[in-house]
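Working notes, structure below.
Since the model is a prediction, treat every value here as computed from it, not as a measurement. By convention in this document, chain letters (A, B, ...) are assigned in the order of the sequence lines, proteins followed by strands, and residues within each chain are numbered from 1.
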There are 2 protein chains.
Amino acid sequence: MQSTDVRECSIARTLDLVGERWTLLALRELFLGNHRFEAIVRHTGAPRDILTTRLRKLEAHGLIARSLYQERPRRYEYRLTPLGESLAPVLTVLREWGDEHLAGPDGPPATFTHSCGAKLEAHVTCRHCGEEVKASAVRQAAP
Amino acid sequence: MQSTDVRECSIARTLDLVGERWTLLALRELFLGNHRFEAIVRHTGAPRDILTTRLRKLEAHGLIARSLYQERPRRYEYRLTPLGESLAPVLTVLREWGDEHLAGPDGPPATFTHSCGAKLEAHVTCRHCGEEVKASAVRQAAP
DNA sequence: CCCACTAGGTTGGATTTTCCAACTAGCATG
DNA sequence: CATGCTAGTTGGAAAATCCAACCTAGTGGG
């Protein structure tokens, strides 16, 4: 009777990396162009010490890079690496879901535009057939 | 000097609901067809008491429903509501990112098929132009 | 010179959350 | 009557988080 049989899974791995509290909000700020520690603290509300550990972890895994933007006194800011930028779809989908299901009577708290000129409304599609991916359309392949 | 200016944001709202530890893994199990408490504990590794509080919260917000599947002794299982099923894209994108960036030499730990017959590889596209959404192509609209 | 201010952190200690193992209820089965 | 199944609940230890204050290394004002 083995009582644990924890599933090896890319979802779990991704969450191990970016699923802790504040991490995705910090990344959101970087995507929005706020690269400084103080700005991230202000806009996320994260405790400064926690934010430090989150940023260090993201840096250690190559999602962000710390760069000196000023000598004397030495000041650092954070920038997304290409790997970090590849998380854009994750944030986009989280925002999309919140926009659709958690918005108040005034609609979503912020809107975004895509480079095509339209208000950004994103959806997840199958690369092969182009159809929107729905829960009922996905099956685990035989291992 | 107002020191806090926390951003109202759909990402934050979504994470408030499903961003705590274990929550998304529990939802993953429901998507995979494991509806029972014991199965979720086994496959996620979540502590039983924590899992209980997570499931209660999801239920309170209408993402899942608890249903009696057996009288004497009364036993309940959990099922996704339509609202819960609408989270599929979130899990899909998290898995996609992990598949692509955290897989070992043997590739991703599990693969999925789409109803179109192909191995599921999903991406996030703009509803308007159909292009894949990249970090650099998104700008916040003027408030 | 002294003070205030900036910015990216660190520190100590209180608070909260999580974790874990053991236990319960209510019934079925051998 | 003992054992097992399943969805929890409980108490206490361990860990993570939170918070306010502090630090460093400078700049600008009076």
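At whole-Å resolution of the value, CZ in A:Arg75 and P in C:dT6 are 11 Å apart. Following rounding to the nearest Å, B:Leu51 (CG) and C:dC20 (P) show an atom-to-atom distance of 14 Å. Taking atom CD of residue B:Gln70 and atom C1' of nucleotide C:dA25, one finds them 13 Å apart after rounding to whole Å. Rounded to an integer number of Å, the gap from A:Leu68 CG to D:dA25 C1' is 13 Å. At whole-Å resolution of the value, CZ in A:Arg72 and P in D:dG28 are 13 Å apart. As rounded to whole Å, 18 Å separates atom P of D:dT6 from atom CD of B:Glu71. Between the CD atom of B:Glu59 and the C1' atom of D:dG8 there is a distance of 13 Å, rounded to whole Å. The nearest whole Å value for the distance from the CD1 atom in B:Ile40 to the P atom in D:dT6 is 14 Å.
When distances run from any side-chain atom of B:Pro73 to the nucleotides D:dA25, C:dG26, D:dG8, the shortest one goes to C:dG26. Closest to the side chain of B:Arg54, from the set C:dT18, D:dT17, C:dG9, is C:dT18. The side chain of B:Tyr69 has D:dT6 as its nearest neighbour among D:dG8, C:dG9, D:dT6. Of the candidates D:dA7, C:dG9, C:dC19, the closest approach to any side-chain atom of B:Ile50 belongs to C:dC19.
Side-chain atoms of A:Arg48 come within donor-acceptor range of the base of C:dG8, with a qualifying N/O pair under 3.5 Å.
Along DNA chain D, the nucleotide nearest B:Tyr78 and the nucleotide nearest A:Gly45 are compared for position; the residue whose nucleotide lies closer to the 5' end is B:Tyr78. Nearest-nucleotide mapping onto DNA chain D: of A:Asp49 and B:Glu77, the residue sitting toward the 5' end is B:Glu77.
Each of B:Glu131, B:Arg127, B:His128 was evaluated against A:His114; a single residue qualifies, B:Glu131, per the side chain to side chain contact (heavy atoms under 4.5 Å, CB included) test. When B:Leu30, B:Leu58, B:Leu63 are each tested for a side chain to side chain contact (heavy atoms under 4.5 Å, CB included) with B:Tyr78, only one passes: B:Leu30. Of the residues B:Arg74, B:His35, B:Arg36, the one that meets the side chain to side chain contact (heavy atoms under 4.5 Å, CB included) test with B:Tyr69 is B:Arg36.
Taking 4.5 Å as the limit, some side-chain heavy atom of A:Arg13 sits within range of a side-chain heavy atom of A:Glu8.
Of the residues in residues 11-38 of chain B, those lying under 4.0 Å from DNA chain D by heavy-atom distance are B:Arg36, B:Phe37, B:Glu38.
Looking at B:Thr125, its side chain never comes within 3.5 Å of a backbone N or O of B:Gly130 through a donor-acceptor pair.
In terms of phosphate contacts, A:Arg56 brings a side-chain nitrogen or oxygen within less than 4.0 Å of OP1 or OP2 of C:dG9.
In this view, A:His101 and A:Trp97 satisfy the ring-ring contact (aromatic ring centres under 6.0 Å, His included) rule, not counting sequence neighbours.
Here the closest heavy-atom approach between residue B:Thr92 and residue B:Ala122 is recorded as CG2-CB, 3.5 Å.
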